[in-house]
Amino acid sequence: MIDPDTQAGWVPEADEDDEEEMPLSLRLSIADTLTLGNATCGFMAVYFTTTGILIPHLTGSQETGMARHSAATAVILMLCAAVFDLFDGLVARKLRSSPMGAELDNLSDLISFGLAPAYFVLVYGMVADDAHQRVAAVGAIVVLLAVVLRLARFSCVTVKDGTFQGMPSPFGALTVVSIVLLELPFVATLLAILGTAWLMVSRVEYPKPRGRLAVAMLTWIVLSMGLLAAWAFDAPSGQLLLQTGCALQLVMGAVIPLFATARRVNNFRDNRREARAAQLP
C-alpha cells in the first residue's frame, strides 16, 4: 500500500535475506515423529476401550466377541506405543533430537502409559462382575499418579548410566493390563495393580533396554501381540496362551529387579573386598 502524500510504502517490504528461519525449538526430528506416534497409539487405546468395551456394557450389549477384540486392540496399541518409545530413544541417540524432544517424550508417555492403562483399570471396574467400581477407580488414580510422579522424577533426578530408578512406565503399563487380563479375583487384581504402581515410584533399579536387552524386549512385544491376536480371534487354547503370557509379564516385573538388586549387592561386596585388600600391608 502507498501513502498518497509521500508516495512511500506504509510497510517496508522484507528482504528474503532478513526473513527469520523457523526457531530450532519448533523443528521436529525423526525421533520426535516416533514420539508423536507413541501418543497417538495411547489415545487410540483409550478410544477402543471406550467404544468396544465401555459403551456396549452401558447399552446392555451381550456381544462378548466385540469386547474381546476391542480389549486386545487397546492392549496391542499400548504395545505399539512401547515400540515407538523404544525406537525414539534409539533414533535420538543415533541421529539428533530437537530441544523439545524430552518434553514430548514425557507427555506422550503420560498418555500411553499413564492415562491408557489407568482408564483400562477404570473400565474393568465398571464391567467385571466381581469388581467394585469406586475401589477400581481409586486403583486407576493410583496408577495414573504413579506414572506422573515417575515421569517428573525422571526429569529431575540423575541416576547412574544404564539403569532406571523404579519400573519403567511402559513396562509398568503392560504389567497393569496383564494383571487385568488374567481375570484374577478382584482383591488380588487390585493388590497386584497397587504393587505395580509402587514399583514404578520405588528406588528399585531396572536395566535400560539397550543392545541385547532391547532386542529381547522387542521380541517379547511382538510375541505378546501374537498372543493377544490369538485370544481376540478365539484361536484354540488362545485363552490359555494369553494367561501364560500375562503371568510371564508379572514374573518378569518381579524377577528383573531381584537380579538387579543381587548384582548391586555383589558389586558392593566386591568393592569392600578390594578396599580391605588395599589396606593390607
Legend entry - Leu110 side chain near Leu115 side chain, heavy-atom distance below 4.5 Å: no
Legend entry - Leu242 side, atom CG; Ser237 side, atom OG - distance, nearest 0.5 Å: 12.0 Å
Inset, instruction - To the nearest 0.5 angstrom, please state how far the CD atom of Gln249 sits from the CG atom of Leu181. - result: 10.5 Å
Inset, instruction - Sequence neighbours left out, what pairs pass side chain to side chain donor-acceptor pair (under 3.5 Å) with at least one residue falling in residues 44-58? - result: Thr50-Tyr119
Legend entry - Phe186 atom CZ: more than 12 heavy-atom contacts under 6.0 Å: yes
Inset, instruction - State the CG-CD1 distance between Leu58 and Ile53, to the nearest 0.5 angstrom. - result: 11.5 Å
Legend entry - Interatomic spacing from CG in Asp88 to CG in Asp109 - rounded to 0.5 Å: 7.5 Å
Inset, instruction - Could you pull out the closest heavy-atom pair between Phe113 and Pro117, with the gap in Å? - result: O-CG, 3.3 Å
Inset, instruction - Considering non-hydrogen atoms only, spot the tightest contact between Arg153 and Val201 and give its length. - result: NH1-O, 2.8 Å
Inset, instruction - Please report the shortest heavy-atom distance between Leu218 and Leu86, naming the atom on each side. - result: CB-CD2, 4.3 Å
Inset, instruction - Could you tell me whether the side chains of Ser29 and Asp32 share a donor-acceptor contact shorter than 3.5 Å? - result: yes
Legend entry - Rounded distance (nearest 0.5 Å) linking atom OG of Ser108 with atom CG of Asp85: 8.5 Å
Legend entry - Over 12 non-hydrogen atoms of neighbours within 6.0 angstrom of CD1 in Ile30: no
